[in-house]
2 protein chains.
Amino acid sequence: MSEIERGRGVALWSQISGILASEILKGQPRQGAQLPSAQELAARFDVNRHTVRRAIAALEERNLVRTEQGRGSFVQEQTMDYLISRRTRFAQNMRNLNVEADMEFLEEAREIAPPKVAQALGLGRHEYVYRIETLDHADGHVVDYSTAYFPVARFPDFPAVYRRLRSVTRALAEFGVADYERKHTRVSARLPDAHTARLMKQPASRPVLHVQSINVDTRGMPVQYGITRFSGDWVQLVLMAGH
Amino acid sequence: MSEIERGRGVALWSQISGILASEILKGQPRQGAQLPSAQELAARFDVNRHTVRRAIAALEERNLVRTEQGRGSFVQEQTMDYLISRRTRFAQNMRNLNVEADMEFLEEAREIAPPKVAQALGLGRHEYVYRIETLDHADGHVVDYSTAYFPVARFPDFPAVYRRLRSVTRALAEFGVADYERKHTRVSARLPDAHTARLMKQPASRPVLHVQSINVDTRGMPVQYGITRFSGDWVQLVLMAGH
DNA sequence: TTTCATTTGTTCGTATGTATA
DNA sequence: GTATACATACGAACAAATGAA
């Protein structure tokens, strides 16, 4: 079985480029790792070295690969700049990055607010919150695994609205929260627990950015408390001055 | 010999709390480790379980201990909140935290700016920068390992001034930079390389917060490019809205 | 899946010490 | 000195969560 087909109307370099791109996006070889030499790739696909070079040039064009003269080609470290500002919106971030974003609902629950959550949201003891767990993908990668809490009293049946609109911003708007902003953000680096690593499809030995955040409405009342675990491999937080 | 004294005007729970606090601060038991059960502690101090509970409640209040129902009480992992804002100053941060800060100069060099550094500082190719490596301690722990770059042309003999004044802020002031602020900050989570792990006295398996920052003067000209690696165990970055 | 021991959390009651009007 | 309020300390019983058998 040959991986590529000749005379199918798709140039060989293009097919090879596609195969290598999908392998890289699947994480094999890893970021920063060296690609097989042009010679070896030529042998693998049974084409001329020039054809391989043309394929790699296409990958460089897509910023998936970086080649260094005399050393070899390497999988370009991809970092997605995730902008943190007073007005942080996931969807907007993804649009800015020009990637295909996709959200997956994992779980929703109605439960008594854990102490930390209650404190963050300014709730009393024994008050209820919705806990909503989501996975965000972009370009086929897991960007983050997020746990968000919303007070039940203020946002009855929030999960249903969120599911329907697929956006925190629009869901909150439906409850009359026209605008909200980050009150604060806490960032730490840690190793994911087994559950998190599995969900994020990454080894437990790779660190994640652990971000706790509180969003408040225009009157300063907390509307959302969230924990977002960003893939350390793919995401870099960017904090801008001003905004 | 009894560890606590009754009827001396100091409540039993307060004495017990003090003893446990000093043990924890000495690192025994260590961070994350489980405390003896309330039952065992009651036996050790020969008091009622309630009294021990009161003592532990005080430790929770001081954020030295975390207790989980059905599991036990654990020494709270201490994180130092490191405030990132437009006007981030290490010394100020440490003063706010009320800890003994201490800086150690590791290395200084005069070298041609690496491409990334040149770009960040707005320098041309082949321009020189000072590279200064420091270790910051607080309360006996390594807080961060920092590499800072300053353009040689604008700040001749910067390292000597920095060494003398032991403060970036004051050293820059001596060169006429009355004020500066963060242009931006990039944060990622990664595993330290062997060199970094050794310097920071932490295992290479524990992640660090990798922070790249650019400080600019009031006219917007970059004055410093830096890479700071914060101990993931001890430091949590806090990003406040507004300021 | 069930059972069981361990541990923390909560709520009674009782007694005593301490400060204050 | 007396009355009152409050914090401290102990005892017993039970509820709730956890983890291991």
Side-chain angles (χ1 to χ4, degrees), chain A residues 106-133 145-153 159 188 190-200 204-205 208 210 212 225-227 229, chain B residues 1-79 205 233:
Chain A
L106 294 178
E107 189 184 344
E108 55 193 53
R110 185 177 176 282
E111 60 190 33
I112 293 177
K116 280 202 176 168
V117 176
Q119 193 187 349
L121 290 175
L123 302 178
R125 290 159 63 90
H126 307 304
E127 285 199 74
Y128 278 85
V129 290
Y130 291 115
R131 173 171 54 82
I132 302 178
E133 314 249 342
Y145 160 41
S146 183
T147 304
Y149 296 89
F150 302 88
V152 167
S188 60
R190 49 179 82 178
L191 295 174
D193 56 45
H195 174 72
T196 303
R198 189 170 48 74
L199 284 174
M200 298 186 72
S205 57
V208 296
H210 194 273
Q212 297 171 67
Y225 170 72
I227 296 171
R229 304 148 195 93
Chain B
M1 64 130 217
S2 151
E3 293 183 273
I4 57 176
E5 286 181 303
R6 303 177 104 95
R8 288 285 167 200
V10 181
L12 296 184
W13 67 262
S14 178
Q15 298 182 49
I16 293 169
S17 177
I19 292 170
L20 293 178
S22 88
E23 289 177 354
I24 287 169
L25 290 174
K26 271 186 237 151
Q28 185 64 274
R30 66 176 61 241
Q31 289 201 32
Q34 186 162 12
L35 263 68
S37 73
Q39 197 68 254
E40 290 173 295
L41 287 173
R44 166 178 165 191
F45 293 109
D46 194 21
V47 296
N48 190 276
R49 189 167 72 93
H50 285 298
T51 310
V52 167
R53 283 179 52 75
R54 180 73 185 81
I56 288 176
L59 295 176
E60 277 190 274
E61 200 68 30
R62 290 172 61 183
N63 200 35
L64 282 172
V65 156
R66 146 183 58 88
T67 121
E68 299 176 27
Q69 184 170 159
R71 298 229 303 140
S73 293
F74 303 83
V75 179
Q76 177 65 298
E77 293 82 353
Q78 290 301 330
T79 60
S205 58
D233 279 345

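All chains are named by letter (A, B, ...) in the order of the sequence lines, taking the proteins before the strands, and each is independently numbered beginning at 1.
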Quick one: closest heavy-atom pair of B:Arg30 and B:Val75, and the distance?
O-CB, 3.5 Å
Between B:Leu12 (CG) and D:dG11 (P), how many Å, whole number?
12 Å
Nearest 0.5 angstrom please: B:Ile16 CD1 to B:Leu59 CG, how far?
10.5 Å
Between B:Arg53 and C:dT8, does any side-chain N or O lie under 4.0 Å from OP1 or OP2?
no
When the distance from CZ of B:Arg54 to C1' of C:dT10 is rounded to whole Å, what number comes out?
16 Å
Given D:dT8, C:dT8, D:dC10, identify the nucleotide with an atom nearest to the side chain of B:Ala11.
D:dT8
Write down the distance between CD (B:Gln69) and C1' (C:dT6), rounded to a whole number of angstrom.
12 Å
Is the phosphate of D:dC10, meaning OP1 or OP2, less than 4.0 Å from a side-chain N or O of B:Arg6?
yes
A:Ile112 CD1 to D:dA17 P, straight-line distance once rounded to whole Å
9 Å
Test side-chain contact (heavy atoms from CB on, under 4.5 Å) on A:Glu127 and A:Val152; report intermediate values, then the result.
CA-CA 8 Å; A:Glu127 285 199 74; A:Val152 167; over 6 Å; no
Would you please confirm or rule out a distance under 4.0 Å between OP1 or OP2 of D:dA9 and any side-chain N or O of B:Asn48?
no
Rounded to the nearest Å, what distance is computed from the CG atom of residue B:Leu41 to the C1' atom of nucleotide C:dT6?
15 Å
Phosphate contact (D:dG19 OP1 or OP2) by B:Arg71 side-chain N/O below 4.0 Å:
yes
What integer distance in Å separates B:Glu40:CD from C:dT7:P?
6 Å
Dump the intermediate steps for side-chain contact (heavy atoms from CB on, under 4.5 Å) on A:Arg131 and A:Glu107, then the final yes or no.
CA-CA 8 Å; A:Arg131 173 171 54 82; A:Glu107 189 184 344; 3.4 Å; yes
Separation of B:Phe45 atom CZ from D:dT8 atom P, in whole Å?
17 Å
Upstream residue (5' side of DNA chain C) when B:Gly70 and B:His50 are each assigned their closest nucleotide
B:Gly70
May I have the step-by-step check of side chain to side chain donor-acceptor pair (under 3.5 Å) for A:Tyr145 and A:Glu133, ending in yes or no?
CA-CA 7 Å; A:Tyr145 160 41; A:Glu133 314 249 342; 2.4 Å; yes
Paired with D:dG1: which nucleotide, if any, by Watson-Crick or G-U wobble criteria at under 3.5 Å for both distances?
none
If you compare every side-chain N and O of B:Thr67 against the phosphate oxygens of C:dT7 (OP1, OP2), does one of them come in below 4.0 Å?
no
Report the distance from atom CH2 of B:Trp13 to atom P of C:dT16, rounded to the nearest whole Å.
23 Å
